[in-house]
Amino acid sequence: MCGICGYINYERNYIKTRRSESELVKEMADTLYNRGPDAGDTWVGEHAVFGHRRLAVIDVENGAQPMKRISEGYEFSVVYNGELYNTAELRRELESCGYMFETDSDTEVLLYAYIHYGAACAEKLNGIFAFSVYDSMRQCVFLCRDRFGVKPLFYSICDGTFVFASEIKALFKYPGIQPEMDREGLCELFAISPARTAGCGVFKGIHELKPGCAMYISRRGIHTAPYWSLKSGEHTDSYDETVEKVRFLVTDAIKRQLVSDVPIATFMSGGLDSSFISAVAALELKKRGERLSTYSFDYEGNSKYFKKSKFQPDSDSEWVPRMAEAFNTDHHYLVCPNNVLVPMLYDAVRAKDLPGMADCDSSLMYFCREVKKNHTVAVSGECSDEIFGGYPWFRDEHAFKTPAFPWCYDLSMRKEVLIGSVRDTLDLDGYSRMRYDESISTTPEYVGDSKEEKRRREISWLNINWFMTNLLDRKDRMSMASGLEVRVPFCDHRLVEYVWNIPWEMKNRDNVSKNILREAAKGILPEDVRLRKKSPYPKTHNPFYETAVKAKLKSIVDNPSSPILALCERKKLYDIISGEFDYGKPFFGQLMAGPQFIGFLVQVNALLDEYKVRFV
């Protein structure tokens, strides 16, 4: 994994100003240092300039970037952030076409795949990626992003120059690109966040290449088009055939993602998803004579204060030892100290360039930093609930009847803190409904769906395109800020394509959540683990956090120069600081209640203050 950046202008000749261009793109790339602490370099071409920071995972010695190759007299150069899981197959295919390789890196395979197939190379890639190729033969620059947006890619156009980077902060280093927000950006912050509309960079003039899309930049302009999308259709396999196919696709995805030239581990909560991954990984490494390292996460004092709820029926701490013993893993129990959660809210904002999921972000960053001390690559269970229908809203009558994002029905908590004139100008309800309607209208339809199945497909579509991308964005930013690469096997597009059309009566057979995945895990997981009810990424239950985050927000509100006071009413902020919370009423997702909302507001102020955001 890496950080990439660069800029393109076909009206400029950057060779003439090579030194200054190299210095500028290096300054951009240096903001991405944590994404690639192992090495960095730049490349200056006639009409494009690339910068790169490298986290060495495959072919540590020879996989340096930007990577340049000459083919039939034409120059090609690539900067690439990601990992390919079908490198071996692609390499053999390209070798049969006459290509000769100088390294064992997937970067070189990717570059030659583009040289040979052009834009069609994207359809051949199995992995997580964002990359840019300078192509002197076709006289263009080609940018591409993986199917689910696991790896980020932002861009802006400044005085005719196309500027791109893995993270927004790098764009701000390019002269003329400023941290400004207009009405749309503020609506994203207060109506949508911590999720984000695909393609929207929140800051004015900053955009995102959407997942599953590719882009050409040439003298003729900028052209963007999807190269992949989900397709709805009839599922013809029997129940038993479906279970076997899911088992194969899940286990194959996990095995593919164990390829690494540096130490690899798994995140293991004791839940179905991470346990499935850890079990397959442990058995596979055992064949190689290796022992799997696993990590579990908890918070200081959580065992004392944990309270069961319909969203969190039990604690991971009861299940992790069961898995570690069953598969003889080298297990590491990580406990996040309470006193780091609030200070690291600021680190999380710097990593994401936007506010996020409060202590869920800051704790994840803490855990990733701890994992990084021993490992460079980890494998995680994200995305299973979105794919297999594990969240409560897949079976909640309210979600079926309410035209709104099911993880955020009620915006009242967000609206109440805003100054009246700001609230009226933004119209958060209208903005949220607009984004919801836009997304629903693009759901791939199947004429054979019943009314209920059609609605459930819409809910699934929302989950994949909004909730899942938010969790993937969070995982990428918090892990890469720690120099840790995290892989997500449940995002394998072959698996998602197949599961997308499995009917609900199979996915939820006998009213068992994620039944088809549980059946696929039979014989692999211990029965009690296989049948354990879902419990999401843990939050702290220790009242210390609520006290600490309230104190932090009070210090912000007490300061009349705090930028959040230009948007939020001081009295309303004091009211939530002194008030009590309904922990059963999240403001986002399943667990993010009052304390997390306060943490979110602290992060909003941190963003506005640190980036000196100007409202326009």
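No hydrogens, no waters, no symmetry mates; every other heavy atom, side chains included, goes into these values. Quantities reported herein were computed from a predicted structural model and do not represent experimental measurements.
Classification of Asp476 and Arg35 as a salt-bridged pair holds, one side-chain N sitting under 4.0 Å from a carboxylate O. Comment: Glu208 engages Arg145 in a salt bridge, judged by a side-chain N to carboxylate O separation of less than 4.0 angstrom. Taking the charged nitrogens against the carboxylate oxygens, Arg509 and Glu519 have no contact shorter than 4.0 Å, which rules out a salt bridge. Comment: Asp437 engages Arg433 in a salt bridge, judged by a side-chain N to carboxylate O separation of less than 4.0 angstrom.
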>> Between Lys572 and Glu416, is the salt bridge (charged side-chain N to carboxylate O under 4.0 Å, His left out) condition met? List the steps.
In response: CA-CA 7 Å; Lys572 293 293 186 182; Glu416 286 169 3; over 6 Å; no

> Under the ring-ring contact (aromatic ring centres under 6.0 Å, His included) criterion, do Phe597 and Phe587 qualify, and how do the steps go?
Replying inline: CA-CA 7 Å; Phe597 181 61; Phe587 92 97; 5.1 Å; yes

> Between Ser439 and Trp466, does a side chain to side chain donor-acceptor pair (under 3.5 Å) hold up when you go through it step by step?
Replying inline: CA-CA 9 Å; Ser439 194; Trp466 288 84; 3.0 Å; yes

> Hey, mind stepping through Arg455 and Glu452 against salt bridge (charged side-chain N to carboxylate O under 4.0 Å, His left out) and telling me if it holds?
Replying inline: CA-CA 5 Å; Arg455 177 55 180 161; Glu452 181 180 356; over 6 Å; no

> Which is it for Ser482 and Met478 under the side chain to side chain contact (heavy atoms under 4.5 Å, CB included) test, yes or no, and what are the steps along the way?
Replying inline: CA-CA 7 Å; Ser482 310; Met478 299 308 116; 5.9 Å; no

> Between Asn470 and Arg196, does a side chain to side chain donor-acceptor pair (under 3.5 Å) hold up when you go through it step by step?
Replying inline: CA-CA 7 Å; Asn470 174 57; Arg196 180 167 50 81; over 6 Å; no

>> Using side chain to side chain donor-acceptor pair (under 3.5 Å), reason through Lys533 and Ser513 one step at a time and then give a plain yes or no.
In response: CA-CA 8 Å; Lys533 290 184 178 180; Ser513 172; over 6 Å; no

>> salt bridge (charged side-chain N to carboxylate O under 4.0 Å, His left out) for Asp385 and Lys514? Distances and angles first, verdict last.
In response: CA-CA 8 Å; Asp385 288 307; Lys514 299 198 304 194; 2.9 Å; yes

>> Could you go through Asp449 and Arg456, starting from their C-alpha distance and side-chain angles, then the distance that decides it, and tell me whether this counts as salt bridge (charged side-chain N to carboxylate O under 4.0 Å, His left out)?
In response: CA-CA 10 Å; Asp449 281 343; Arg456 188 173 279 110; over 6 Å; no

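In this structure, a donor-acceptor pair under 3.5 Å is present between the side chains of Tyr299 and Ser363. Between Trp500 and Ser232, the side chains place a donor N or O and an acceptor N or O closer than 3.5 Å (distance only, hydrogens not considered). Between the side chains of Trp228 and Glu497, at least one donor N or O sits under 3.5 Å from an acceptor N or O. Side-chain contact annotation: Trp461 with Thr442, donor-acceptor N/O pair under 3.5 Å present. In this structure, a donor-acceptor pair under 3.5 Å is present between the side chains of Arg435 and Tyr431. No hydrogens or angles considered: a donor-acceptor pair under 3.5 Å links the side chains of Glu188 and Thr197.
With sequence neighbours excluded, no residue satisfies ring-ring contact (aromatic ring centres under 6.0 Å, His included) with Phe276. For Glu123, the salt bridge (Lys or Arg N to Asp or Glu O under 4.0 Å) criterion is met by no residue, not counting sequence neighbours. In terms of the salt bridge (Lys or Arg N to Asp or Glu O under 4.0 Å) criterion, Lys507 has no residue partners (sequence neighbours excluded). Residues passing the side chain to side chain donor-acceptor pair (under 3.5 Å) test with Arg350, sequence neighbours excluded: Asp347, Glu610. Every side chain to side chain donor-acceptor pair (under 3.5 Å) that Glu180 has, sequence neighbours left out, goes to Arg614. Listed by chain and residue number, nothing satisfies the salt bridge (Lys or Arg N to Asp or Glu O under 4.0 Å) test with Arg414 (two or more places apart in sequence, or in another chain). Under the side-chain contact (heavy atoms from CB on, under 4.5 Å) criterion, Lys210 pairs with Ala198, Cys213, sequence neighbours left out. Applying the side chain to side chain donor-acceptor pair (under 3.5 Å) test to Arg256 and every residue at least two apart in sequence or in another chain returns Glu89, Asp252. Applying the salt bridge (Lys or Arg N to Asp or Glu O under 4.0 Å) criterion to Lys169, with sequence neighbours excluded, gives Glu167, Asp353. For Asn501, the side chain to side chain donor-acceptor pair (under 3.5 Å) partners at least two apart in sequence or on another chain are Arg457.
The only member of Asn463, Asp273, Asp492, Val499 that meets side-chain contact (heavy atoms from CB on, under 4.5 Å) when paired with Ile387 is Val499. When Asn81, Thr31, Leu171 are each tested for a side-chain contact (heavy atoms from CB on, under 4.5 Å) with Ser166, only one passes: Asn81. Partner of Phe405 under the ring-ring contact (aromatic ring centres under 6.0 Å, His included) criterion, out of Phe588, Tyr436, Tyr391: Tyr436 alone.
Environment of CD in Glu438: crowded, with over 12 heavy atoms of neighbouring residues, nucleotides or ligands closer than 6.0 Å.
Within the structure, ring-ring contact (aromatic ring centres under 6.0 Å, His included) contacts touching residues 185-217 (residues at least two apart or in different chains) are Phe142-Tyr216, Tyr155-His207, Phe172-Phe203. The list of salt bridge (charged side-chain N to carboxylate O under 4.0 Å, His left out) pairs with a residue in residues 591-601, not counting sequence neighbours, is empty.
When all heavy atoms of Leu517 and Ser384 are compared, the pair lying nearest together is CD2-OG, 3.3 Å. Contact record, Arg487 with Val377: NE-CG1, 3.5 Å, taken as the closest heavy-atom pair. In plain terms, the two heavy atoms of Ala481 and Met365 that are nearest each other are CB-CE, 3.8 Å. A pairwise comparison of heavy atoms in Ile254 and Pro489 identifies CG1-CB, 3.9 Å as the closest pair. Between Trp393 and Phe400 the shortest heavy-atom distance is O-CE1, 4.1 Å. Of all non-hydrogen atoms in Val342 and Tyr346, the two that sit nearest each other are O-CD1, 3.8 Å.
Using a 4.5 Å heavy-atom cutoff, the side chains of Phe490 and Phe388 are in contact.
Here Ile440 contributes atom CD1 and Glu458 contributes atom CD; the two are 4.0 Å apart, rounded to the nearest 0.5 Å. Atom CG of Leu354 is separated from atom CG of Leu189 by 7.0 Å, given to the nearest 0.5 angstrom.
Classification of the Phe131-Phe129 ring pair by plane angle, with boundaries at 30° and 60°, yields tilted. Using a 30° and 60° split on the angle between ring planes, Phe162 and Phe164 fall in the tilted class, from 30° to 60°.
The six-membered or imidazole ring of His493 lies away from that of Phe148, with a centre-to-centre distance of 6.0 Å or more.
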